[in-house]
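Structure record follows, encoded as structure tokens.
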Amino acid sequence: MTKFTDLGLNQSVLRAVEESGYETMTPIQKQAIPAVMEGKDLIAIAQTGTGKTAAFSLPLIQKLLTGEGKRAPKGARALILAPTRELAIQISENIQAYAKYLHLKSTLIYGGAGAKPQIKAMIAGVDILIATPGRLLDLMNQRHVNLGKVEYLVLDEADRMLDMGFIRDIQKIIAQLPTTRQTLLFSATMPKSVEKLANSILTHPVRIEVAPAATTAEKVAQHVLMVPKGRKRELLAHVLKDENLSRVLIFTRTKHGANKVSRQLEQLGISSDAIHGNKSQNARQKALNSFRSGETRALVATDVAARGIDVDGVTHVINFEIPNEPESYVHRIGRTARAGAAGSSLSFCDHEERAYLKDIEKSIRQPVPVLTDHPFHAEGIAGAPAGEESKPAMTGRRSRGARNGRRASAPGTSSNQNTPRRAGAGAPANSQRSGAGKSRSRNRRPQRTAA
Ligand code: AMP
């Protein structure tokens, strides 16, 4: 079964799905939709980009349509919890698209925006409430929201919600839901904390695992550029000379760093915006919209802010700094390989970051080829142990390029015929298969990221 029409979905939903341009189901959808339609609880290990939103939204919409439940004042029939405002908004947009020919009512509750309109929207009750945990709990405590009649609960990006310290809020919210309900939990990774939460809230769940981390890592043509820390800005300017890098998501470690890089790009005449936790919801949304429409070429983001950003057609992800967690790396590069599309990533690695790069390569079980043909490479490898220049950072397996003694060229520079295609033109497809099953790190290090 690969077609949406095989699922027994309402015709209006099918029409909306078709208009969204979906033809076949993604793996997570194939597995999750029938199970949810059957009324099963679900635990799904899936990342953003796998089509997970439709995997829970479509059967949920169907169940709300055919079920006997009614909207109750201040209540919701389905509750979807998400870690960030951006993700909540995106889920809401998707649901509105899928339900556009239906009379289902949905609304959003999240922090960082006025509570009054949210309270007002809940007065008569809704079918679907999409919320971030903190603000939702506030409004529940103030008796503006009553979730005593919830039939369906979805936790999206559960791992990130726990990372962000929402466990208590989630527990308090769930304590106020009916115990007979259908619960779906989605998480990109399954650390013990999420497993424990799942065990406490799910009943005989169907377990689904799509292998997105490895898949993502394999779909993206990844390269690393060695560069001294102090010259990363120049390298960025150099790399962006290549116009093939037309929709570029740049990751920095800190909010301050994101602002700085964005300012510098503007000075270079490259349209850009920064998006991070200090920005108002309006500013973030505006930045996202401009990036989506192509008005801005570069969006500079921190990890948390970028989480859940759903922008199609990102041509390149640039890691201005290498993340210290392999998982963040996989999340970041996954932004350029949405729903089956290919993409490229360029990681700027200074001397101190090599250990992180090694961790990443271990985790994705493939080396990241080094692009040598850019002005800062020689300086970038200076001080490195002898022989490091031509080797990917991972010991053991070497990339095909490295094995052949090839070096890759940076975008914005000329390349000799032995080099893979220019990164700007899509970069070499990553042919050095890893056969990696999972790329989730077991031993998380403390977060270095601030967002
Ligand atoms: P998600 O993992 O839910 O964030 O979805 C990632 C992207 O894939 C979104 O832009 C969706 O609109 C898109 N998408 C979801 N399901 C499909 C499908 N079956 N075919 C094509 N695109 C899809």
Side-chain angles (χ1 to χ4, degrees), residues 1-7 9 13-34 36-37 42 44-62 80-100 106 128 130 154-161 184-189 208-217 219-220 247 249 288-289 291-294 299 301 303 305-315 317 327 330-343:
M1 196 160 56
T2 53
K3 290 206 212 95
F4 288 100
T5 42
D6 297 334
L7 291 169
L9 291 172
V13 178
L14 283 176
R15 191 172 143 207
V17 166
E18 199 186 322
E19 286 173 15
S20 298
Y22 306 174
E23 285 167 12
T24 52
M25 285 188 273
T26 64
I28 181 89
Q29 290 164 357
K30 262 185 245 175
Q31 297 178 65
I33 296 176
V36 179
M37 300 258 272
L42 185 77
I45 306 177
Q47 289 186 334
T48 306
T50 53
K52 68 182 167 66
T53 314
F56 63 76
S57 304
L58 294 175
L60 211 63
I61 289 169
Q62 180 69 24
I80 301 169
L81 288 177
T84 61
R85 304 173 268 201
E86 280 78 14
L87 184 63
I89 290 171
Q90 243 160 62
I91 296 170
S92 168
E93 285 172 356
N94 281 358
I95 288 180
Q96 277 175 12
Y98 306 144
K100 70 179 183 186
S106 69
I128 305 174
I130 305 126
V154 180
L155 286 108
D156 197 11
E157 301 200 350
D159 53 350
R160 189 58 53 159
M161 286 202 280
L184 321 174
L185 182 145
F186 288 76
S187 193
T189 58
I208 294 175
E209 180 164 2
V210 287
T215 317
T216 303
K219 268 193 308 199
V220 178
R247 187 169 295 176
L249 191 52
L288 260 183
N289 290 343
F291 188 53
R292 268 199 196 113
S293 70
L299 187 65
D303 282 289
R307 181 86 187 180
I309 289 180
D310 182 14
V311 180
D312 288 333
V314 171
T315 59
V317 163
E327 282 169 20
V330 175
H331 278 301
R332 288 179 179 190
I333 67 169
R335 305 284 135 200
T336 177
R338 316 282 296 167

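Nothing fancy with the numbering, it's 1 onward along the sequence. Ligands are counted one by one from 1 in listed order, and the atoms in each one are counted from 1 as well.
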Quick note on ligand 1: atoms under 4.0 Å from a heavy atom of T50 include exactly 2 (O)
Can you find a pair of side-chain heavy atoms, one from M37 and one from L9, that are under 4.5 Å apart? yes
Notebook entry, point to check: Taking the side chain from T53 and the backbone from I91, do they hold a donor-acceptor pair closer than 3.5 Å?
Noted result: no
Given side chains that start at C-beta, do those of F56 and L42 come closer than 4.5 Å, heavy atoms only?
no
Any heavy atom of Q29 under 4.0 Å from ligand 1? The part involved is side chain
Quick note on ligand 1: atoms under 4.0 Å from a heavy atom of F4 include exactly 19 (N)
Practice item. For E18, look at atom CD and say whether over 12 heavy atoms of other residues, nucleotides or ligands are found less than 6.0 Å away. Key: no
* Asked: So, do V13 and F4 sit near enough that their side-chain heavy atoms are less than 4.5 Å apart?
  -> no
Ligand 1 to T53, heavy atom cutoff 4.0 Å, flagged ligand atoms 1 (P), 3 (O), 4 (O)
- Query: So do the side chains of N94 and Q90 get within less than 4.5 Å of each other, counting heavy atoms only?
  - Reply: no
- prompt: Would you say G51 has any N or O atom under 3.5 Å from an N or O of ligand 1, going by distance alone?
  reply: yes
Counting heavy atoms under 4.0 Å, the part of T24 that contacts ligand 1 is backbone
Q. Could an N or O of ligand 1 be found under 3.5 Å from any N or O of N94, whether backbone or side chain?
A. no
